[in-house]
Amino acid sequence: MLEYLSIIITAIFVNNIVFSQFLGICPFIGVSKNLDSAVGMGLAVTFVMAVATAATWLLQHYVLLPLGLGYVQTIAFILVIAVLVQMLEIIMKKSSPGLYAALGVFLPLITTNCAVLGVAIIVAQKDFAFVHSIVYAVATALGFTLALIVFAGIRMQLDMVDVPRPMRGVPIALVTAGILALAFMGFSGLSL
Amino acid sequence: MSALSTITDGIVKRNPTFVLILGMCPTLGTTSSALTGMSMGLATLAVLLCSNMAISAIRKIVPDAVRIPVFIIVIASFVTVLEMIMQAWLPALYSALGIFIPLIVVNCILLGRAEAFASKNDVLLSACDGIGIGTGFTLALTAIGTVRELLGNGSVFGLQLFDSSFGALVFVLAPGAFIVLGFLIALFNYLRHA
């Protein structure tokens, strides 16, 4: 139990996927303009990342490795993720229209979110056990959600200040993210 | 649209990093030194050139409805080839760039160029577009890597210009990546509109 707690704290704060691993930057910059879409995107990523990590773990350990096909990992993983996202979209539309209305618009964007493929590859490289992988994936996605929500809050304030013209938009957002990353570095002293 | 202007457009007017703001993850993640930044740029250039040419060559036989999955498979195949080549001949570089090599698959620059350019133009023009955009990306990553290495470590491409104890380590670490990229985009904006 304590072991899982340490994985969760590490993945959310110490090795935050956005601020220290540089994955999922495009949605981080693109979807963090207001709080509602930040929460929606965060939840959609959490859901997809958990399902995708489970699917790719099973694929890796029951198909690719026994057949000696480790070298097609990249192709196989991206295909599974793309199919999965498409399937989730169809299932969600039929079974829970409410959830679909909230998360639907974010789903197609997630296929090219490098955080999902990134976590699947990290899990395969580090050879985590199944439960460990799922816990890691969910915790990483929660770290992504946290980063997105904090950043959205700051950007809403940023809209109200007078920023020099060349710095408007993405540049000031990146500098702000840099300062946030600096704050997150404070957690790297945590020994777990 | 001539071949030459397609190349120069990709470097300046449609620079993927500073103008289109695409492919942010490798841009931030691999530019802790000028050399790793440039290597990542060249790796992306190689895949982009091959995938643009291949997609342009098959553009008339791919049905419209399944074109995106087909593009992704073409890109992923070339990434796998690149991975194997790097593992065999450049193992040190491969481990330095780490996860960002397989992640070229989800770099939005590649799918973006496939959809916006290669699926509409002939093979030669698509190759030029790949070279232009790839060179623009490589130059941008090299520039960011140079600034970060100089400010953080006092060196450029490993050549020590001043003692590393005068460098601010933060520029080599994660926060420096965001801050340097932010200011470089602002500088590029300023120069473009000045």
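Proteins come first, then strands; the chains are lettered A, B, ... in the order of their sequence lines, and each starts at number 1.
Of all the listed residues (C25(B), A76(B), A174(B)), the one sharing the greatest number of non-hydrogen pairs under 4.5 Å with chain A is C25(B). The greatest number of non-hydrogen atom pairs below 4.5 Å with chain B, out of A82(A), G169(A), S20(A), A181(A), is found for A181(A). Of the residues considered (L191(B), T80(B), L28(B), I185(B)), L28(B) shows the highest number of contacts with chain A, using heavy-atom pairs under 4.5 Å. In terms of non-hydrogen atom pairs under 4.5 Å with chain B, the most contact-rich of F28(A), F19(A), F22(A), F184(A) is F22(A).
Listed in order of number, the residues of residues 38-53 of chain B that approach chain A to under 4.5 Å between heavy atoms amount to none. Using a 4.5 Å cut-off between non-hydrogen atoms, the part of residues 175-183 of chain B that approaches chain A consists of P175(B), A177(B), F178(B), I179(B), L181(B), G182(B), F183(B).
More than 12 heavy atoms of other residues, nucleotides or ligands shown are found within 6.0 angstrom of CZ on F162(B). Within 6.0 Å of CZ in F130(A) there are more than 12 heavy atoms belonging to other residues, nucleotides or ligands. Remark: R168(A) CZ is packed, more than 12 non-hydrogen atoms of other residues, nucleotides or ligands lying under 6.0 Å away. Summarising the local packing, NZ of K120(B) is surrounded by more than 12 heavy atoms from other residues, nucleotides or ligands at distances under 6.0 Å.
In this structure, L117(A) and P102(B) have side chains that are not in contact, with every pair of non-hydrogen atoms separated by 4.5 Å or more. Counting heavy atoms from C-beta on, the side chains of V170(A) and F18(B) never come closer than 4.5 Å.
We find the OG-CG distance between S188(A) and L173(B) to be 8.5 Å, quoted to the nearest 0.5 Å. Residue I25(A) holds its CD1 atom at 13.0 Å from CD1 of I21(B), rounded to the nearest 0.5 Å. Taking CG of L103(B) as the reference point, atom CG of L23(A) lies at 6.0 Å (rounded to 0.5 Å). Between atom CD1 of residue I72(B) and atom CD1 of residue I81(A) there is a gap of 10.0 Å, rounded to the nearest 0.5 Å.
The hydrophobic clustering, which links ILVMFWY residues whose side-chain heavy atoms are closer than 4.5 Å, places V72(A) and I99(B) together. Linking Ile, Leu, Val, Met, Phe, Trp and Tyr residues whenever their side-chain heavy atoms come within less than 4.5 Å places V135(A) and L142(A) in a single cluster. With hydrophobic clusters built from ILVMFWY side chains whose heavy atoms lie under 4.5 angstrom apart, L20(B) shares a cluster with L111(B). Both V131(A) and Y136(A) are part of a single hydrophobic cluster, where members link through side-chain heavy atoms under 4.5 Å apart. Linking Ile, Leu, Val, Met, Phe, Trp and Tyr residues whenever their side-chain heavy atoms come within less than 4.5 Å leaves I73(B) and M87(A) in two separate clusters.
Neither the backbone nor the side chain of L22(B) comes within less than 4.5 Å of any heavy atom in chain A. Only the backbone of Q21(A) comes within contact range of chain B, judged by heavy atoms closer than 4.5 Å. Looking at M84(B), only its side chain comes within 4.5 Å of chain A, counting heavy atoms on both sides. Using a 4.5 Å cut-off between heavy atoms, E83(B) touches chain A through its side chain atoms alone. With a 4.5 Å cut-off on non-hydrogen atoms, L79(A) touches chain B through its side chain but not through its backbone. Looking at M167(A), the atoms closer than 4.5 Å to chain B (heavy atoms on both sides) sit in the backbone and in the side chain alike. Only the side chain of F100(B) comes within contact range of chain A, with at least one heavy atom under 4.5 Å from a heavy atom of that chain.
Heavy atoms only, all atoms of each residue included: N189(B) and P171(A) are closest at ND2-CG, 4.0 Å. For the pair S77(B) and I75(A), the tightest heavy-atom approach, listed with the atom from each and the gap, is CA-CD1, 3.8 Å.
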